[in-house]
Amino acid sequence: MSSERRKPYPFHQIEPKWQAIWKERQRFHAPNPGDKNFDQSKPKFYILDMFPYPSGAGLHVGHPEGYTATDIVARYKRMRGFNVLHPMGWDAFGLPAEQYAIKTGKHPAITTRENVAKFKRQLQRIGFSYDWQREINTTDPRYYKWTQWIFLQIYNSWFNPATHKAEPISTYRGENPDEVRLAYVADVPVNWCPELGTVLANEEVVDGKSELGGFPVVRRPMRQWMLRITAYAERLLNELERLDWPEAIKLLQRNWIGRSEGTEIDFEIADRGSRSTDSRIRVFTTRPDTLYGATYMVLAPEHSLVDLIVTEEQWPAIREYRARAAQKSDLERTDLAKEKTGVFTGAYAVNPVNNERIPIWVADYVLLGYGTGAIMGVPAHDQRDLEFAQKFDLPIREVVQPPGDENPIGFVGEGIAINSPIIEGLPTGEAKKKITKWLEQHDAGKGAINYKLRDWLFSRQRYWGEPLPILWKSGKHEALSENELPVVPPLLDDYKPTGTGEPPLAKAKDWVRYSDRALRETNTMPQWAGSCWYYLRFCDPGNDKRFVGEKAERYWMGSAKPGGVDLYVGGTEHAVLHLLYARFWHKVLFDLGYVSKPEPFQRLVNQGIILGEDNQKMSKSRGNIVNPDDVIDQYGTDAFRCYEMFMGPLEQMKPWSMRGVEGVARFLARVWRLFVVENQEGNWVLSGRIIQVDPKKAQRKMTHATIKKVTEDIESFSFNTAISQMMIFVNEFTNAETIPLSAMRTFLVLLNPFAPHLTSELWERLNAKFRDDLRDITEQEWPGYDQRFLVEDDVEIAIQVNGKVRDRMRMSTSATHNEIKTAALTNPKIQKFTTGKVVRNVVVVPKRLVNIVV
RNA sequence: GCCGAUGUGGCGAAAUGGCAGACGCAACGGACUUAAAAUCCGUUGGGCCGUAACAGGCCCGUGCCGGUUCGAGUCCGGCCAUCGGCACCA
């Protein structure tokens, strides 16, 4: 009872009411081209959220932050006359459901269904205007059938370096197509996590531990499926340019791709006769100008040449060193980075520029995976080489003269080449070019580009993922035919990892035995697979003939720009992984002619993390998690939505505050009471103050100023200041004697994207009394403003003396420069500061201020 | 170590190079009420001078130091702190 009174307005009735109406009328369903009710005349706008992994814990207030922002834009764009595609779905394959199944024996499909239901109910309570007819779930066979289908396209393609794009494998003229497929099998050292019983992608390993669970990860060679994303390194890098993404995110991707320009140099191995590839060590360096400073070479411990060059007496030491290096986890390899280790092979190489014999070492500070897996050691001009040389007493030779009087030893910047006959006296840039050219002429090297990006380790030894649609026949892999898709994983009683690295699916013996001669692949895809193309499926989610219909794809993903999705909002945590993988898949599909644009996401916006009230990251252990349901119970979802946006700039990290929610709820209650009053029976009835009358000049100005501000702020994602402006609007009208209907209608439309339930209700109540516009608020057009109503007749101008405000005056906006100047100079308070001094300068800023310099 | 982002009242924040602190929270005062809640109105960066009390006035203030400018939260240079990413990438 008393708690009943405490509720500022009956949101608990209004909100379910309007949600039911929207659902019943399918108000936010977007028909596809060719469908009934499709309006060809409108332009399209595709607004996408990063779809969630439906965890058992349910939504927390961080999820709806981005979702609210996109919902505001979606509702706004519809009123601006766009066909808006605004879908939602579930990224539901992944480890947590499987871990839960291992613990409880409950099938992941069941927990997934439960979690999805929970998430969906929570999202629907917030009143998002998703087209739920387009809901998709990556674990639905009707969905992953096409994930598997896309994998087959990748498997059946190769990257043609001549055309610089993917082509069907049938166009490959080489002997063994398996060597060039975009999906291939390789024995690679992988990040094996014994605890999780799976390998992890490099990106899933953080500080030598699994990103999920924080378990130790060790290096171990295993036979794995790989996707040749490195073939696309250059395009992934270059084509970032035309995307409207935050520069910081682009930079993150650029750094991840890690393009580096340099030179490959071949060193002959000394005392070996023939000039075969076996007798050369190829290194990659970005500083070929320091070649004369190379005093030793290093091979990565796993480098295949090691076996060929090690001398008899050095074998035991090398063998031992390699064994130790192989056992080292990533954590050890990085943690012990300070102290360099290595072993001499006993062999020597010949420096091509001066025929000097230099020793060849093995050391684990050289990585097999980058460049050629071998380096030339130039201790004078490389920090790592210097540490190594100092530890093992190798010679240090200065070949670059720093500008200034810096010590050349340890100098890694650009300078002048010294002690280097071919390039003596040249600045670094020219020296690099000249020596590279010399090496090319002498068949000892060439310019080269290297990328940090590695191929994508695509198989997981897990149950809850898409099975790879592959068969094995006498040791050779082979694609399943498309009409056998989807490959549905068998039911298992035991999901536990085998611990040997063999996937759990191997336990389903009958399933694995495809035929007498063929076995099924038992690895599954990583969690990223489903999210690599979900934005395409949203365009045409029910299509059972194609992963997306051509017409639907061309319409929704069409654009004058490279990217098809017009707006994509999500967290920064996906800056490199999801966004890079999705771009890669998209480009393959583009090359093969399946999609019409080279990039998936044109504009990207990252929302910031919401912290707990204690300014700490929200976490179960801190007990500072805020559940949207609790907030909505108490203040209503319109208040929840508005608070999420009022907190501060979308991109910023910011702490939650229940007090803040209360403040925004008070604002919405003021809006409510501006329109309706409680009569003596305790019923809310429309306020008699609202009448069909022309607004007063000040009211009209306020209305137009609010239209302008809210419109511009939505366009620029400054939702917090849009709400501020609407608060100012309401404050201005709260005590007005008469309230013009037209201004109120305009205001409700402006507020509608933010607080759709409240505004729908008030709009309906206006319609019940006034018969001037009977359409629903969601069918309204977004109001425009008239600049003429914003101009002031007179304005306050600050008068400064030497930059300090000493007085203010009101002046007509039409006052001339000289009038303002004179008024300022004759102002008595100002004269106090100017008498007896020479006025050196008067700066007049029209409509703002005057600055008198004395 | 390298790269990036951020730094403004008690708090969340706002400010095309032009009156710092809009809007909101909290706090305080008042109105309404038997009372409380709710609501409405007002005050609220710091310091100093001034006055019986008002009024009024002055100085300082956007992480720190310097610069450009008539004028800097905003532009430039150097530093510090916090957060995020990368981290033997040759």
Side-chain angles (χ1 to χ4, degrees), chain A residues 2-3 5-8 207 246-252 254-256 258-260 262 283-287 290 298 333-334 336-338 340 363-367 369-378 381-385 387-388 412 450-454 572-573 575-576 608-609 613 615 617 642-643 646-649 651-664 666-667 669-670 673 718 720-728 730-731 734-735 796-808 829 832 840-854:
Chain A
S2 63
S3 72
R5 270 201 65 79
R6 204 173 286 228
K7 274 177 188 146
D207 291 335
E247 274 312 311
I249 298 297
K250 288 192 190 179
L251 194 66
L252 236 45
R254 286 195 189 107
N255 291 344
W256 191 264
R259 182 180 196 271
S260 145
V283 303
F284 174 75
T285 176
T286 55
R287 290 300 297 270
T290 63
V298 183
R333 233 170 135 148
T334 34
L336 304 176
K338 308 261 177 305
K340 295 276 179 291
D364 68 0
Y365 83 91
V366 172
L367 309 172
Y370 183 78
T372 59
I375 61 150
M376 61 181 196
V378 184
H381 305 293
D382 182 284
Q383 193 52 44
R384 298 148 302 184
D385 295 347
E387 284 165 23
F388 191 80
V412 297
N450 248 293
Y451 297 93
K452 245 160 74 176
L453 184 70
R454 315 289 169 84
T572 334
E573 65 272 20
V576 278
I609 294 171
E613 300 226 36
N615 247 300
K617 220 172 206 168
C642 289
Y643 175 66
F646 187 64
M647 289 171 82
E651 298 87 344
Q652 209 163 88
M653 186 188 286
K654 45 207 178 283
W656 187 264
S657 157
M658 276 305 184
R659 300 272 201 188
V661 185
E662 221 171 295
V664 173
R666 272 204 282 268
F667 159 65
R670 277 205 304 281
R673 289 193 308 270
S718 310
N720 53 333
T721 47
I723 293 171
S724 295
Q725 179 62 33
M726 290 190 277
M727 287 173 168
I728 294 168
V730 170
N731 291 346
T734 292
N735 292 316
E796 192 179 76
I797 293 182
I799 312 173
Q800 298 181 335
V801 178
N802 289 341
K804 283 182 180 153
V805 180
R806 297 303 182 178
D807 200 16
R808 295 155 220 277
K829 281 191 191 163
K832 238 171 60 189
R840 301 213 322 258
N841 191 12
V842 180
V843 181
V844 177
V845 183
K847 295 181 203 174
R848 289 195 178 268
L849 59 71
V850 181
N851 189 12
I852 298 163
V853 187
V854 292

Checklist line | Test side chain to side chain contact (heavy atoms under 4.5 Å, CB included) applied to A:Ile375 and A:Asp385, step by step | finding: CA-CA 10 Å; A:Ile375 61 150; A:Asp385 295 347; 3.5 Å; yes
Span that lies between the [atom1] atom of [M] and that of [N], in whole angstrom:
N      : M      : atom1 : value
B:rG56 : B:rA31 : P     : 25 Å
B:rC11 : B:rG63 : P     : 13 Å
B:rC75 : B:rU82 : C1'   : 24 Å
B:rC40 : B:rG45 : P     : 22 Å
B:rC28 : B:rG21 : P     : 24 Å
B:rG12 : B:rU68 : P     : 34 Å
B:rG9  : B:rG66 : C1'   : 26 Å
B:rA72 : B:rG4  : C1'   : 25 Å

Quick one: is [N] close enough that its OP1 or OP2 comes under 4.0 Å of any side-chain N or O from [X]?
X        : N      : result
A:Lys829 : B:rG57 : yes
A:Asn255 : B:rA87 : no
A:Asn731 : B:rG24 : yes
A:Arg673 : B:rC40 : yes
A:Arg254 : B:rC86 : no
A:Gln652 : B:rA13 : yes

Students often get this wrong, so: under 4.0 angstrom with heavy atoms, is [X] touching a base, only sugar-phosphate, or nothing?
X        : result
A:Val843 : base
A:Arg259 : nothing
A:Asp385 : nothing
A:Leu849 : base
A:Ile728 : sugar-phosphate
A:Glu796 : base
A:Gly371 : nothing

Check: Can a donor-acceptor pair under 3.5 Å be found between the side-chain atoms of A:Lys452 and the base atoms of B:rC86?
Finding: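 No.
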Notebook entry, point to check: Under 3.5 Å, side chain of A:Arg287 to main-chain N/O of A:Val412, donor-acceptor pair present?
Noted result: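 Side chain of A:Arg287 to backbone of A:Val412: a pair is present.
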Please tabulate, for the side chains in residues 653-662 of chain A, all donor-acceptor contacts under 3.5 angstrom to protein atoms that are two or more places apart in sequence or on a different chain.
residue, atom, partner, partner atom, Å
A:Lys654, NZ, A:Glu65, OE2, 2.6
A:Lys654, NZ, A:Pro649, O, 3.0
A:Lys654, NZ, A:Leu650, O, 3.3
A:Lys654, NZ, A:Gln652, O, 2.7
A:Ser657, OG, A:Arg659, N, 3.4
A:Ser657, OG, A:Gly660, N, 3.0
A:Glu662, OE1, A:Tyr635, OH, 3.2

Next item on the list: Determine which bases of RNA chain B form Watson-Crick or G-U wobble pairs with both distances under 3.5 Å, and write the result as a 5' to 3' dot-bracket string with | for other-strand partners.
Entry: (((((((..(((.....[....))).(((((.......))))).(((((......)))))..(((((..]....))))))))))))....
